[in-house]
**Q** 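Attaching a single structure in structure tokens format; questions to follow.
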2 protein chains.
Amino acid sequence: MFHALSDTTRRDILRRCVRDDLSVSRLAEAYPMSFAAVQKHVAVLERAGLVVKQRRGREQIVRTDPDAVGRARQALDELETAWRGRVERMSHLLAQDAEPDAHDPTEGQI
Amino acid sequence: MFHALSDTTRRDILRRCVRDDLSVSRLAEAYPMSFAAVQKHVAVLERAGLVVKQRRGREQIVRTDPDAVGRARQALDELETAWRGRVERMSHLLAQDAEPDAHDPTEGQI
DNA sequence: CTAATCTACAACCAAATGGTTGTAGATGGG
DNA sequence: CCCATCTACAACCATTTGGTTGTAGATTAG
């Protein structure tokens, strides 16, 4: 999934499809590359579950899956939270070390 | 930056460094690949600003940058929010269409 | 000082990636 | 029915990527 997000064109496709539902050929018009290339990008996004294709006549409409984007976001959210939590714990430990009744043998070490 | 996150090993390195500050060689012990390979992964994370290296004696300590992770998270957060907002607007439009005094010529179309 | 450790970086290689063109299968319009 | 449009997919190519080994520079331990 992060792999799918790692390409500029694919992130842009995602952004466009958030605004409007677009067919693959409509999307392809927006980029300086072949239709087949855009189609491959959409396929990558689809395999990652970030996007869903839905037939409408002879067109294939591309829609972003908000839940999938949400899951990716949440993964990073947890990373960030874990880090903040760690800083919190470290501050706590430092506070403990500073307690007046501490009889830590390493106390004298600057 | 998403590119840096697109590799499993790099995401794992990030997770490990969130828990502890680790030297490059310590990190390398954890993976079935050469030291140089891990070093390259760290370099990629560093170029993406996700991680910072800090000299300690002859070791190089790797620390995650929580702000960078936060920025990536926020980018996805905005994507998700944009999508939810769009659904909101669509619901609103549908509600307007359903208003009793509507004199829409397409009203009779099933 | 010498040896051991940790790091940096270059050169190289196989595989994946992003792009191309070409061909063929559905679908709708006239 | 026939044609134009939209899509899918295969084959191919250049570049990037993730990995290797080897060499060399710092820094600490003895």
Side-chain angles (χ1 to χ4, degrees), chain A residues 1-17 19-65 68 72 75 106 109-110, chain B residues 1-17 19-65 68 72 75 106 109-110:
Chain A
M1 157 175 283
F2 282 107
H3 161 252
L5 288 169
S6 73
D7 182 86
T8 310
T9 303
R10 283 196 291 268
R11 286 197 302 275
D12 194 76
I13 289 178
L14 215 51
R15 264 179 253 122
R16 280 177 195 271
C17 290
R19 290 206 300 274
D20 306 295
D21 285 340
L22 294 170
S23 70
V24 180
S25 45
R26 276 289 179 214
L27 276 172
E29 290 170 9
Y31 303 98
M33 64 184 75
S34 68
F35 171 83
V38 174
Q39 185 177 298
K40 275 193 190 180
H41 282 305
V42 172
V44 171
L45 288 169
E46 192 180 17
R47 246 177 286 133
L50 289 167
V51 125
V52 171
K53 278 192 292 189
Q54 182 177 13
R55 189 129 222 141
R56 195 176 67 188
R58 58 185 155 186
E59 295 181 329
Q60 197 86 261
I61 304 299
V62 180
R63 286 178 38 232
T64 69
D65 182 343
T106 67
Q109 295 184 358
I110 298 261
Chain B
M1 156 178 282
F2 282 108
H3 160 251
L5 289 168
S6 72
D7 182 87
T8 310
T9 303
R10 282 196 293 268
R11 286 197 301 277
D12 194 75
I13 288 177
L14 216 51
R15 264 178 255 122
R16 279 176 195 272
C17 291
R19 290 205 302 273
D20 306 293
D21 286 338
L22 293 170
S23 70
V24 181
S25 46
R26 274 293 177 211
L27 276 171
E29 291 170 8
Y31 303 96
M33 65 185 73
S34 68
F35 171 83
V38 173
Q39 186 178 298
K40 276 194 188 178
H41 282 305
V42 172
V44 171
L45 288 169
E46 191 180 17
R47 245 177 286 135
L50 289 167
V51 125
V52 170
K53 279 192 292 190
Q54 185 178 13
R55 189 126 221 146
R56 195 175 68 188
R58 59 188 155 185
E59 295 181 329
Q60 198 83 262
I61 304 300
V62 180
R63 286 180 37 234
T64 69
D65 182 344
T106 68
Q109 296 184 355
I110 298 267

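Just so it is clear: chains get the letters A, B, ... in the order the sequence lines come, proteins before strands, and each one is counted from 1.
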**Q** Taking only heavy atoms on the protein side, list every residue of residues 50-58 of chain A lying under 4.0 Å from any atom of DNA chain C, sorted numerically.
**A**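 Going residue by residue through residues 50-58 of chain A, the ones with a heavy atom under 4.0 Å of DNA chain C turn out to be A:Gly57, A:Arg58.
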**Q** Test your reading of the model: is there a side-chain donor-acceptor pair from A:Arg56 to the backbone of A:Ile61, 3.5 Å cut-off?
**A**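 Judged by distance alone, no pair lies under 3.5 Å.
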**Q** State whether the side chain of B:Arg10 and the backbone N or O of B:Ala4 hold a donor-acceptor pair below 3.5 Å, judged by distance alone.
**A**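 Yes; judged by distance alone, with no hydrogens or angles, the pair exists.
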**Q** Output the rounded distance in Å from CD (B:Gln60) to C1' (D:dT28).
**A**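 Rounded to whole Å, this separation is 15 Å.
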**Q** Roughly how many Å is it from CZ in A:Arg26 to P in D:dC6, rounded to a whole number?
**A**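 My rounded result for the distance is 8 Å.
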**Q** In B/S/- notation, 5' to 3', how is nucleotides 11-21 of chain C contacted by protein heavy atoms closer than 4.0 Å?
**A** B-----SSBBB
**Q** Measure from the side-chain N and O atoms of B:Glu46 to the backbone N and O of B:Val51, and report whether any donor-acceptor pair falls under 3.5 Å.
**A**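 Not a single qualifying donor-acceptor pair exists.
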**Q** Quick check against the 3.5 Å criterion: does B:Arg11 have a side-chain atom that pairs as donor or acceptor with the backbone of B:Leu5?
**A**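 Such a contact is found between B:Arg11 side chain and B:Leu5 backbone.
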**Q** Under 4.0 Å between a side-chain N/O of B:Gln39 and OP1 or OP2 of C:dC9, yes or no?
**A**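 Result: no.
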**Q** Do A:Thr64 and A:Leu50 have side chains that get closer than 4.5 Å, going by heavy atoms?
**A**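 Not touching, per the 4.5 Å side-chain cut-off.
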**Q** Check whether any side-chain N or O of B:Gln60 sits under 3.5 Å from a backbone N or O of B:Ser23 as a donor-acceptor pair, and report yes or no.
**A**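 Not at all, since once roles are kept as given, no pair shorter than 3.5 Å links the two residues.
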**Q** State which residue, out of A:Val42, A:Ile13, A:Leu27, fulfils the side-chain contact (heavy atoms from CB on, under 4.5 Å) condition with A:Leu22.
**A**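 The option that passes is A:Leu27.
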**Q** Run the salt-bridge test on A:Arg16 and A:Asp20 with the 4.0 Å N-O cut-off and return the result as yes or no.
**A**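 No, A:Arg16 and A:Asp20 are not salt-bridged.
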